[in-house]
Amino acid sequence: MRLSRYFLPILKEAPKEAEIVSHRLMLRAGMIRQQNAGIYTFLPLGLKVLKKIEEIVREEQNRSGAVELLMPTMQSADLWRESGRYDAYGKEMLRIVDRHERDMLFGPTAEEVVTDVFRTYVRSYRDLPLNLYNIQWKFRDEVRPRFGLMRGREFLMKDAYSFDVDQEGAIRAYYKMFVAYLRTYKRLGLTAIPMRADTGPIGGKLSHEFIILASTGESAVFCDKELLDLPVPGADVDFDGDLSPVVDSFTSRYAATDEMHDEAAFNALPAERRVAARGIEVGHIFSFGTKYSEPMGAKVAMADGVEKPVIMGSYGIGVSRLIGAIIEASHDDAGIIWPDSVAPFGVGIINLRPGEPAVEAACDTLYGALVAAGKDPLLDDTDARPGAKFASMDLIGLPWQIIVGPKGLADGVVELKRRATGEKQLLSLEAALARVTEKA
RNA sequence: CGGGGCAUAGCGCAGUCUGGUAGCGCACCUGCUUUGGGAGCAGGGGGUCGCAAGUUCGAAUCUUGCUGCCCCGACCA
């Protein structure tokens, strides 16, 4: 993409409503535009990041064996009356009456819809296990939306739902998601720590929040330092095999949010392993048995011919929230520092002297080669001054910058800069290209 | 939902206390000079001062009501 033909409204000063760093940087970098409290337009740059995160989430869900579908944003109140949640949910649910006076709602989650889909088609234990997921916009009419994308009212969520014949199968389904989540966050450049979560009135031990550490996190968290460096399974992990060693390696170490915190257990750790920090919740998984299958009649015939309600679990990742979370975890004074996996463009090329033939030619060569290599470059071909271009490129945080100017070209070199480290080196065009396109 | 704050040009702000018909920086447009870390000079465009009533000869400024947004707390991907 050539910047002169793109839509990237960069702001020098952040609007005053933005307080936390990720919100400020997203507004300044022209990624989002607030339309209402907790409701945002995703501008082109923000949309590119959202799509990249979404795709990584999707790949890891698929790898674990979950199957994607797409459920509607508008749901019928009748389904929610079946589960008993229509009255229970409260004001967070946005309720709408259509032209025929039918009660509708903007889905805050999709247990009811997915259970309805399941009961319509699945009749036999032989069709299980099954895990259905979708990546869809949700709406929760939060009392106090805040922190930009961290707590919006309209947000993009991946929500998966598992169906099993027995508790043993449900645990297996839970473990698959547990491992898929570890892999997902790892690929996003984040260190996420699973923490035991309150299961509420449903009970059961199977509930974890995935938390990333960031000073601006919403909740206080406590954990064993060893959790920060535990190995995460590779892409070759066998999801049909025994995942409990992996899960146990995480769950056997102390980790809790403040509401689940056990001071005594925490203090039993050696002092140097105690981590007390702030955290951002980026995922939540739990197993809830027959809470929905029972009242909604989602049953399968067992081998003996008797019908039994299925055991369910649900697994959420806040996809749009992750944009904010990644920025909270990865930025400096100059702006965002994108992990390579989610960067909106792979490489930024700065043309310091648009209109000068040698510089233009070098930029065109780089641009063409990077496009061919699939690196999706952004070429700043505008006539802004060098300082402004450097500042903008640092702000939007692309992993690599190639700076092309007449002085360097006179010596046959361009400057290659790594955004994360600030490291700069003077290289020939070919060497810079090779460096940027080599496999990480 | 309790507590606090803000609303003046696209963004950041001054002006409000003490009423006299709106200003600064950035951004934007034109021209010239400039060009390796947010350029300089000159000229220019853009605002029903959140909305509505009221007080007054006169309201951004005073009064009342409303709306929107932000922050702290309780709750959530």
Side-chain angles (χ1 to χ4, degrees), chain A residues 9-20 23-24 27-28 30 33-39 53 57 89-93 107-110 135-160 181 184-185 192 197-198 200 208-212 218-219 257 259 280-286 314-325 333-335 350-356 359 380 382-395 401-411 413-415 417 422 424 426:
Chain A
I10 283 178
L11 301 175
K12 219 164 158 177
E13 291 173 289
K16 66 163 179 282
E17 71 264 15
E19 291 269 325
I20 67 163
H23 193 194
R24 295 176 64 82
L27 291 169
R28 290 228 294 129
R33 150 102 180 138
Q34 181 169 349
Q35 301 293 156
N36 283 289
I39 299 177
I53 296 172
V57 170
Y89 213 92
K91 288 187 162 179
E92 269 201 0
M93 185 158 74
T109 177
I135 300 173
Q136 177 64 290
W137 292 94
K138 303 296 189 294
F139 194 94
R140 293 183 190 174
D141 202 359
E142 297 274 351
V143 196
R144 179 148 105 88
R146 61 187 134 166
F147 302 151
L149 295 186
M150 304 295 291
R151 175 174 301 287
R153 290 196 291 169
E154 187 176 64
F155 59 96
L156 189 63
M157 180 167 88
K158 185 285 299 180
D159 41 321
Y181 276 34
T184 300
Y185 298 121
D198 193 357
H208 286 88
E209 292 179 0
F210 285 76
I211 305 268
I212 64 161
E218 282 192 271
S219 48
T257 56
E259 63 261 28
I280 300 169
E281 181 183 348
V282 289
H284 196 166
I285 62 179
F286 51 99
S314 76
Y315 315 88
I317 291 181
V319 176
S320 47
R321 169 182 284 186
L322 273 166
I323 304 179
D333 290 344
I350 296 179
N351 181 340
L352 288 175
R353 200 68 63 84
E356 187 160 313
V359 182
D380 187 346
T382 65
D383 59 4
R385 299 176 58 82
K389 292 188 177 190
F390 293 136
S392 295
M393 200 58 86
D394 285 349
L395 174 64
Q401 298 174 12
I402 302 178
I403 298 153
V404 185
K407 290 183 187 170
L409 284 184
D411 297 328
V413 297
V414 295
E415 183 178 308
K417 175 177 165 180
K424 299 173 186 174
L426 296 173

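The sequence lines fix the lettering, A, B, ..., with proteins before strands; numbering per chain opens at 1.
- Judged by distance alone, with hydrogens and angles left aside, A:Asp394 brings a side-chain donor or acceptor within reach of the base of B:G37, the pair sitting under 3.5 Å.
- Comparing A:Leu426 and A:Arg140 by the nucleotide of RNA chain B whose heavy atom lies nearest to each, the residue mapping closer to the 5' end is A:Leu426.
- Counting any heavy atom pair closer than 4.0 Å across all strands shown, A:Glu415 reaches a base atom.
- When atom types are taken as modelled, the side chain of A:Arg153 and the backbone of A:Arg140 share no donor-acceptor pair closer than 3.5 angstrom.
- At least one donor-acceptor pair under 3.5 Å links the side chain of A:Arg321 to the backbone N or O of A:Glu281.
- For the residue pair A:Glu415 and A:Lys424, the shortest heavy atom distance occurs at OE2-CD, 3.0 Å.
- Considering only side-chain atoms of A:Phe155, the nucleotide from B:A77, B:A74, B:G36 that sits closest is B:A77.
- Base contact: A:Ser392 has a heavy atom under 4.0 Å from a base atom.
- Nearest approach of A:Leu322 to A:Ile53, heavy atoms of both residues: CD1-CG2, 3.9 Å.
- Listed for the A:Lys138 side chain is no donor-acceptor partner under 3.5 Å among the backbone atoms of A:Lys158.
- Between A:Gln34 and B:C70 there is a side-chain N or O to OP1 or OP2 distance below 4.0 Å.
- Nearest heavy atom pair, residue A:Val359 against residue A:Pro406, reads CG2-N, 3.8 Å.
- When both pairing distances are held under 3.5 Å, B:G54 makes a Watson-Crick or G-U pair with B:C62.
- Judged by Watson-Crick or G-U wobble contacts below 3.5 Å, the nucleotide B:G37 has no partner.
- Base pairing annotation: B:G73 forms a Watson-Crick or G-U wobble pair with B:C1, both donor-acceptor distances under 3.5 Å.
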(request) At under 4.0 Å between heavy atoms, which parts of nucleotides 2-15 of chain B does protein reach? Answer with one letter per nucleotide, 5' to 3': B base, S sugar-phosphate only, - none. (result) ----S----BSS--
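- Protein atom OH of A:Tyr181 is 11 Å distant from nucleotide atom P of B:A77, rounded to whole Å.
- A gap of 12 Å separates the P atoms of B:C6 and B:G15, to the nearest Å.
- Comparing B:G58 with B:G54, their C1' atoms sit 15 Å apart, to the nearest whole Å.
- Straight-line distance from the CZ atom of A:Arg146 to the C1' atom of B:C69: 15 Å, rounded to whole Å.
- One P atom belongs to B:G40, the other to B:U35, and the distance between them is 14 Å to the nearest Å.
- As judged by a 4.0 angstrom heavy-atom cut-off over every strand, A:Gly318 is placed among the base-contacting residues.
- Taking atom CD of residue A:Glu281 and atom P of nucleotide B:C75, one finds them 13 Å apart after rounding to whole Å.
- Taking atom NE2 of A:His23 as the reference point, atom P of B:C70 lies 8 Å away to the nearest angstrom.
- Both A:Ala37 and A:Leu395 lie close to RNA chain B; mapped to their nearest nucleotides by heavy-atom distance, the more 5′-ward contact belongs to A:Leu395.
- Comparing the C1' positions of B:C49 and B:A60 gives a spacing of 5 Å, expressed to the nearest Å.
- The interatomic distance linking A:Leu409 (CG) with B:G36 (P) rounds to 15 Å, in whole Å.
- Among the atoms of the strands shown, none is found under 4.0 Å from any heavy atom of A:Lys389.
- B:U18 is unpaired under the Watson-Crick or G-U wobble criterion, no partner having all donor-acceptor distances under 3.5 Å.
- Test A:Asn351, A:Leu352, A:Ile350 against A:Pro386 for side-chain contact (heavy atoms from CB on, under 4.5 Å) and you get one pass: A:Leu352.
- Nucleic acid contact class of A:Leu156 (heavy atoms, under 4.0 Å, all strands): none.
- Across all strands, A:Gly148 comes closer than 4.0 Å to no nucleic acid atom at all (heavy-atom distances).
- When the P atom of B:G36 is taken as reference, atom CG of A:Asp380 falls 15 Å away, rounded to whole Å.
- Searching all strands for a Watson-Crick or G-U wobble partner of B:C6 with both distances below 3.5 Å returns B:G68.
- A sub-4.0 Å separation between OP1 or OP2 of B:A39 and a side-chain N or O of A:Arg385 is present.
- Look at B:A42: its Watson-Crick or wobble partner, with both distances under 3.5 angstrom, is B:U30.
- The C1' atoms of B:A7 and B:U16 are separated by 13 Å, rounded to the nearest whole Å.
- In this structure, the aromatic ring of A:Phe390 is not positioned over the six-membered ring of the base of B:G36 within 5.5 Å between centres and 30° between planes.
- Distance noted for atom P between B:A22 and B:G68: 31 Å (whole Å).
- Contacts of A:Val319 with the nucleic acid, taken as non-hydrogen atoms under 4.0 Å apart, are absent.
- Looking at heavy-atom distances under 4.0 Å, A:Phe147 makes contact with sugar-phosphate atoms alone, never a base.
- One interatomic measurement links the two molecules: CD of A:Glu218 to P of B:G73, which rounds to 9 Å at whole-angstrom precision.
- Among the protein residues, A:Gly405 comes within range of the nucleic acid bases, having at least one heavy atom under 4.0 Å from a base atom.
- In this structure, B:C11 forms a base pair with B:G25, meeting either the Watson-Crick or the G-U wobble geometry with both donor-acceptor distances under 3.5 Å.
- Listed for the A:Tyr185 side chain is no donor-acceptor partner under 3.5 Å among the backbone atoms of A:Phe210.
- Nucleotides B:U8 and B:U21 have their C1' atoms positioned 14 Å apart, rounded to a whole Å.
- A:Glu142 and A:Gly152 get closest at one heavy-atom pair: CG-O, 4.0 Å.
- Among B:A77, B:G36, B:G38, the nucleotide with an atom closest to any side-chain atom of A:Ala391 is B:G38.
- Between B:A14 and B:C29, the two C1' atoms lie 25 Å apart (nearest whole Å).
- For the pair A:Phe139 CZ and B:A77 P, the computed distance is 16 Å after rounding to whole Å.
- Residues A:Ala197 and A:His284 approach most closely at CB-NE2, 3.8 Å, considering heavy atoms.
- Between the A:Tyr181 side chain and the A:Gly316 main chain, a donor and an acceptor come within less than 3.5 Å of each other.
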